[in-house]
There are 2 protein chains.
Amino acid sequence: MARHPTREQIELTDVLSALGNPLRLKIARVLDAHGERNCGSVLDAPISKSTLTHHWRVLRDAGVIWQKPSGRENLLSLRRDDLDARFPGLLDSVLRAPD
Amino acid sequence: MARHPTREQIELTDVLSALGNPLRLKIARVLDAHGERNCGSVLDAPISKSTLTHHWRVLRDAGVIWQKPSGRENLLSLRRDDLDARFPGLLDSVLRAPD
DNA sequence: TCGTATGTACGACAACGTACGTACAGTTGC
DNA sequence: GCAACTGTACGTACGTTGTCGTACATACGA
């Protein structure tokens with residue numbers, strides 16, 4: 001189900017596409033600022049759960065986030081180590097940039 | 001016709017989406033490495049002119065490239081100054097990253 | 001055990017993206 | 001003038017993306 005790419009499998013264009021959506025960029029910023037969250041507590045916006053599930057998948061498949069089951073929750077976190085190792089400086093410049 | 005955004009109008013998600021396509025990423029790298037080129041001399045790949053026109057528009061509208069008419073040619077160049085000013089470090093990390 | 005909470009799976013649908021062929025418009029040079 | 005060159009405009013086809021509702025699976029707690 002949850003197929004996370006290995007560090008070496010993470011592709012630049014996938015990461016850029018994933019973060020090239022305003023909602024997903026926001027998600028990445030929240031995870032960067034606040035650390036691990038469950039799916040329901042990342043955003044306040046009135047977005048349907050099925051839409052969010054879609055965005056978790058895009059971010060996970062691109063290698064931007066980890067998705068770790070924990071009880072009945074699914075904990076989300078940024079793959080900062082892997083992204084920094086593979087694309088040095090990229091995540092910082094994206095997360096710190098103005099919109 | 002050719003509507004380039006001002007430096008302040010360049011949006012991060014537009015830039016990320018534009019560079020989140022392998023062909024456009026390649027184009028940006030060629031322009032970075034070799035400087036100003038006309039449309040026909042950027043890529044060797046057998047891609048139709050109308051498809052390329054589409055990609056020039058995406059890159060131009062996102063603020064990634066300048067498109068400057070010159071005689072019967074259209075000279076393309078990276079907007080490095082603007083991108084570096086607005087999103088420090090972003091372009092370098094993208095262009096230097098592995099695919 | 002049974003209801004509640006959390007999140008996924010699936011199907012639908014409009015909008016967008018990417019590719020092409022063809023036709024056209026401007027510039028250059030013979 | 002006119003043919004060749006450079007690139008855009010337009011129409012088209014087809015896959016992808018983003019959104020939702022509904023149904024479902026799993027885990028927790030009373």
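Note on naming: letters A, B, ... go to the chains in the order of the sequence lines (proteins, then strands), and numbering restarts at 1 for each one.
- Here the C1' atom of nucleotide D/dG18 and the CH2 atom of A/W56 are 14 Å apart, to the nearest Å.
- Nearest-nucleotide positions on DNA chain C place A/R72 closer to the 5' end than the other of A/R72 and A/R57.
- Considering A/R7, A/H4, A/Q9 in turn, A/R7 is the only one that fulfils the side-chain hydrogen bond (donor to acceptor under 3.5 Å, both in side chains) rule with A/D82.
- Note on A/Q67: a side-chain N or O is less than 4.0 Å away from OP1 or OP2 of C/dT8.
- Side-chain atoms of B/S41 and B/N38 form a donor-acceptor pair, as typed in the model, at a separation below 3.5 Å.
- In this structure, the side chains of A/L90 and A/L12 come closer than 4.5 Å at one or more pairs of heavy atoms.
- Without hydrogens or angle criteria, B/R29 side chain to B/V94 main chain gives a donor-acceptor distance under 3.5 Å.
- Here the CZ atom belonging to A/R79 is positioned 7.0 Å from the CG atom belonging to A/L83, to the nearest 0.5 angstrom.
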Pairs under 3.5 angstrom, nitrogen or oxygen only, protein versus nucleotides 19-21 of chain D, please.
{"from": "D/dT19", "atom 1": "OP2", "to": "A/H55", "atom 2": "NE2", "distance (Å)": "2.6"}
{"from": "D/dC20", "atom 1": "OP2", "to": "A/S48", "atom 2": "N", "distance (Å)": "3.3"}
{"from": "D/dC20", "atom 1": "OP2", "to": "A/S48", "atom 2": "OG", "distance (Å)": "3.4"}
{"from": "D/dC20", "atom 1": "OP2", "to": "A/T51", "atom 2": "OG1", "distance (Å)": "3.0"}
{"from": "D/dG21", "atom 1": "N7", "to": "A/S50", "atom 2": "OG", "distance (Å)": "3.2"}
{"from": "D/dG21", "atom 1": "O6", "to": "A/S50", "atom 2": "OG", "distance (Å)": "2.9"}

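- Remark on DNA chain D: of its neighbouring residues A/K49 and A/S70, the 5'-side contact belongs to A/K49, judged by nearest-heavy-atom nucleotide.
- For the pair A/E73 and A/V58, nearest-nucleotide mapping onto DNA chain D gives the more 5' position to A/V58.
- Side-chain N/O atoms of A/S48 and A/T51 include a donor and acceptor closer than 3.5 Å.
- Picking from D/dG18, D/dG7, C/dT8 the nucleotide with the shortest atom distance to the side chain of A/R24 gives D/dG18.
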